[in-house]
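Written below as structure tokens is the structure these notes are about.
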Amino acid sequence: MTNYHQKVFQLTRKIPRGKVCTYGIIANFLELGSARMVGWALNKSFSQGMSVPAHRVVNRKGELSGRNHFPSPDMMQKMLEAEGIEIKDNKVMDFESKVWYPEI
DNA sequence: TAGTTGACGACGG
DNA sequence: TCCGTCGCCAACT
């Protein structure tokens with residue numbers, strides 16, 4: 001468990017219900033240097049049994065690029081739809097209005 | 001110890 | 001506008 005792991009987890013937990021965030025936004029806000037590190041850290045969160053709403057993190061196009069890393073590929077979509085986010089073709093509909101930006 | 005991998009994004013052609 | 005390439009950097013093998 002490293003420091004930036006915890007930063008990613010803490011920020012991800014702040015994402016409100018019904019909103020989504022992107023890897024790039026998180027990487028930029030936390031000054032991680034690379035968006036890939038965010039995805040990697042979230043991947044670790046599962047293997048370490050962390051309760052992180054990783055399904056609220058998508059790539060910059062609003063695509064559910066991380067769904068294959070969930071226990072089942074459609075789990076990410078189901079969880080987002082349960083929060084009122086519409087998913088079509090593995091993409092977040094009306095993506096720009098759903099994006100949440102971290103507050104300092 | 002060194003090479004490879006990866007839930008991305010920016011940039012140039 | 002779309003596609004390919006490269007940089008990012010820590011963990012894994």
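As a basis for the values below, the full set of heavy atoms in this structure was taken, side chains included, without hydrogen atoms, waters or symmetry mates. Convention: sequence-line order gives letters A, B, ...; per-chain numbering from 1.
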| query | A/H69 and A/W40: aromatic ring centres closer than 6.0 Å? | reply | no
| Residue pair A/V99 / A/V92, side-chain heavy-atom distance below 4.5 Å | no
| field | Residue-phosphate contact under 4.0 Å: A/T22 side-chain N/O, B/dC8 OP1/OP2 | value | no
Using the 3.5 Å cut-off, write out each protein N or O paired with an N or O of nucleotides 8-10 of chain C and the distance between them.
residue: C/dC8; atom: O2; partner: A/S34; partner atom: OG; Å: 2.7
residue: C/dA10; atom: O4'; partner: A/Y4; partner atom: OH; Å: 3.4
residue: C/dA10; atom: O3'; partner: A/Y4; partner atom: OH; Å: 3.1

| said: Any base atoms under 4.0 Å from A/A27, or only sugar-phosphate, or nothing? Heavy atoms, all strands. | reply: nothing
| field | N/O (side chain, A/K61) to phosphate O (OP1/OP2, B/dG9) under 4.0 Å | value | no
| query | Just how far, in rounded Å, is P of B/dA7 from CD of A/Q77? | reply | 19 Å
| Does A/V58 belong to the same Ile/Leu/Val/Met/Phe/Trp/Tyr cluster as A/M93, with side-chain heavy atoms less than 4.5 Å apart forming each link? | no
| Across the strands shown, which category fits A/N43 at heavy-atom distances under 4.0 angstrom: base, sugar-phosphate, nothing? | base
Polar atom pairs (N or O), protein with nucleotides 10-13 of chain B, under 3.5 Å:
residue: B/dA10; atom: OP2; partner: A/R60; partner atom: NH1; Å: 2.8

| query | Is A/E83 salt-bridged to A/R56, cutoff N-O under 4.0 Å? | reply | yes
| query | Are a donor atom and an acceptor atom from the side chains of A/Q10 and A/Q6 found within less than 3.5 Å of each other? | reply | no
| task | May I have the distance from A/N59 (atom CG) to B/dG6 (atom C1'), rounded to whole angstrom? | result | 14 Å
